Protein chains: 2
Amino acid sequence: MTGKVTIKDVAKAAGVSEATVSRALSHNPRVKRDTRQKVQNIASNLGYHPNGLARSIRVQQTHTLGVIIPDILNAFFTHLSRAIEDAASRSGYDVVLVNTDESLAKEASALNLLLEKQVDGIIITSAGGPTDYAAILGSTPAVFVDRMPPNVQDTPYDRVLVDNVQGTQAIVTRLIQQGAQRVGIINSAVSFTASERLTGYQKALTAAGQEPDAAIEATAREDNSNVQQMTRQLLINQKCDGLFVGDNTIMEEVLRKLPDLNLPHLQLGGFDDQDWFDFLPQPIVTAKQPIAELGQTAIDRLLAKIADPDLLPKEIRLSATTISR
Amino acid sequence: MTGKVTIKDVAKAAGVSEATVSRALSHNPRVKRDTRQKVQNIASNLGYHPNGLARSIRVQQTHTLGVIIPDILNAFFTHLSRAIEDAASRSGYDVVLVNTDESLAKEASALNLLLEKQVDGIIITSAGGPTDYAAILGSTPAVFVDRMPPNVQDTPYDRVLVDNVQGTQAIVTRLIQQGAQRVGIINSAVSFTASERLTGYQKALTAAGQEPDAAIEATAREDNSNVQQMTRQLLINQKCDGLFVGDNTIMEEVLRKLPDLNLPHLQLGGFDDQDWFDFLPQPIVTAKQPIAELGQTAIDRLLAKIADPDLLPKEIRLSATTISR
DNA sequence: CTGAAAGCGCTAACAG
DNA sequence: CTGTTAGCGCTTTCAG
């Protein structure tokens, strides 16, 4: 904890009461110009930094928001947390970010940590468990972003989500239009987004008069250790000439395998866009998520809920954009 | 702020004193098994979460460390902050991370924020200004990582740095060994690392019997907006057949320009490694920084300093690894 | 315009 | 083994 210069020291040095120091430093108008000046000078000379904990405990709010993210190394979440921070900062809120590594246990302790830090609200990208959020959160406002846990339908929380069905359908449809006859899928292990993306994939096939085929619907392990082998399975054994990839981490593994397979006419598509896809040798079509809007909307809803706890929960869907390279 | 169930509520419901609740919940041995059980049950039934602010203010430490990072979207810093978090978490510390966007003003408010949050210590990747850290930090321990501000030499802070000179020299030497006759440099705008990397570059040239030439030493703008043009300048106008690039963000712009220039025999090298360099069509040699060690070492030093404020400051240099693709 | 005093929620003596 | 009390640093009535 920092050096011990407190409001009391400043008060003593300035020859005024603690109350006056407090007022002077918080730009309270009911204090003489001179007094304010003197107090401010002395405070900065002494290197006084108000103790935010003491303040928060007194005013019963921290002006801090908690953010729970499953994997900060995943570029999508890096950008999402940045978007959330920017949006929060625009509204004058600080942010404490916690990683869960997709682990329910870590998510639970993250939640506890944030609650103990008395954050004014929490933004959660859920690790997907059947956690009883309402029981843990109590009266702390929260909004779910990107992923919705299974039982959250009837809970009092907002959800800010991407339209995974539409986004996936658009991409798979594009692959088919570009000539793919048989499009496989390597989906992610994350239940919420994966099931929506699978639906989008199947709708695209059906709309094109094709029959979904379980033999070319694969699911990656959480650590993606089986992706390269699945890529071969779908593209060689199953003779797919199109492939939809469930997220950017899986895509990286697929790209790692492709050169071995030498398939110049493969139609490749996937969720999540990355700048460096510009440098890839093969064409690729991606669903770029509206990350900035996701962050801003989540913050807007959370702050609204903090301001008015009776606000009714909403589910908001934002659309992904299809990008062809 | 969270629902208002406090230690007092638990005490009342359990028919004991607040002190006993506190003891029971903090596994203090001096409390009867039965009482502890009862208290724990009641606490969890009530959905009690201890108020960490109140606790911290009382015990005069937060068990939280602050981390100041210039750009969380830069992959190097994403990984560095993750490494720091992991190391901190291993020692039971929480982390609050703040972005500065390389702005001195934002760095100043980040520092203030962390100080007001009463963090036990701070890890700083400096935006590079002449900030008087000692004046701001007071007695809060801090360590500098990756970059050292100009005036920190004689201040009481540890520095954990990469050996930029050696790392750069190794790469440029490699480029020359591979046949480059004239190696240019596009350096970053960050003064600390840039000047060290320039030194390494020049040492490599000199060691190879070449004369450094200011005409092929370029510096990128902070937003890299002039990098593509510089790439052309060095590779076409100045006829460089080798190029050293100061960091990964600049490298991305260089890579964006290269296809236009059609230089199949270019010897390309740069600081910072990225996984996706695997997918590049041309060869590239990079300096991979020891990020995990950087984070762990910084945390080790910081915790040591927290434990013993009289610890003498040290400067630690870690080596980068040369990777050829 | 300023001061005195109370109290936010918690833990650490000190008693018992 | 448990209760009483004081106090961490701050803001906010309530008086003046």
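Naming convention: chains lettered A, B, ... in sequence-line order (proteins, then strands); numbering from 1 in each chain. What you see is a predicted model, and the numbers here were worked out from it, not measured in a lab.
- Ion pairing between a basic and an acidic side chain is recognised when a charged N comes within 4.0 Å of a carboxylate O; Asp101(A) and Lys106(A) show such pairing.
- Remark: Glu18(B), Ala19(B), Ser22(B) in residues 8-22 of chain B come within less than 4.0 Å of DNA chain C through at least one heavy atom.
- Contact annotation: the side chain of Val10(A) approaches that of Leu46(A) to within less than 4.5 Å [non-hydrogen atoms, C-beta and beyond].
- Here the P atom of nucleotide dT11(D) and the CD1 atom of Ile57(B) are 10 Å apart, to the nearest Å.
- Between Gln60(B) and dG9(D) there is a side-chain N or O to OP1 or OP2 distance below 4.0 Å.
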Problem - Audit row: Lys38(B), Asp34(B), salt bridge (Lys or Arg N to Asp or Glu O under 4.0 Å) steps and yes/no - result: CA-CA 6 Å; Lys38(B) 189 171 61 174; Asp34(B) 300 359; over 6 Å; no

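- Rounded to whole angstrom, the span from the CD atom of Gln61(A) across to the P atom of dT11(D) amounts to 13 Å.
- Atom-to-atom, NE2 of His49(A) to P of dC8(D) comes out at 21 Å; the value is rounded to the nearest Å.
- Residue contacts for Thr35(A): at a heavy-atom cut-off of 4.0 Å it reaches the sugar-phosphate backbone alone, with no base atom in range.
- Atom P of nucleotide dG3(C) and atom NZ of Lys32(A) are separated by 10 Å, given to the nearest angstrom.
- Under the side-chain contact (heavy atoms from CB on, under 4.5 Å) rule, Glu293(B) has a single partner from Leu318(B), Val160(B), Val162(B), which is Leu318(B).
- The interatomic distance linking Arg55(A) (CZ) with dT12(D) (C1') rounds to 11 Å, in whole Å.
- Picking from dA13(C), dC1(D), dC10(C) the nucleotide with the shortest atom distance to the side chain of Arg23(B) gives dA13(C).
- Atom CZ in Arg58(B) sits roughly 13 Å away from atom P in dA6(D) (whole-Å rounding).
- Annotation: the terminal axes of the helix from dC1(C)-dG16(D) to dG16(C)-dC1(D) meet at 40°, where each axis is the rotation carrying the C1' atoms of four end pairs onto the next four (5 pairs per end, rounded to 10°).
- Met148(A) places none of its side-chain heavy atoms less than 4.5 Å from the side chain of Ser126(A).
- Thr140(A) contributes no side-chain N or O that, together with a main-chain N or O of Gly138(A), makes up a donor-acceptor pair within less than 3.5 Å.
- Salt bridge present: Arg147(B) and Glu102(B) bring a charged side-chain N and a carboxylate O closer than 4.0 Å.
- The shortest side-chain heavy-atom distance between Ile122(A) and Leu111(A) falls under the 4.5 Å cut-off.
- Counting to the nearest Å, the C1' atom of dG9(C) and the CG atom of Leu25(B) are 13 Å from each other.
- Across dG9(D), dT2(D), dT12(D), the shortest atom-to-atom separation from the side chain of Val59(A) is found for dT12(D).
- Regarding Glu116(A), its CD atom lies at a distance of 13 Å from the C1' atom of dG9(C), rounded to whole Å.
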Practice task
Give the C-alpha distance, both sets of side-chain angles, the deciding distance and a yes or no for salt bridge (Lys or Arg N to Asp or Glu O under 4.0 Å) between Lys117(B) and Asp94(A).
Solution key: CA-CA 11 Å; Lys117(B) 285 206 183 301; Asp94(A) 307 322; 3.8 Å; yes

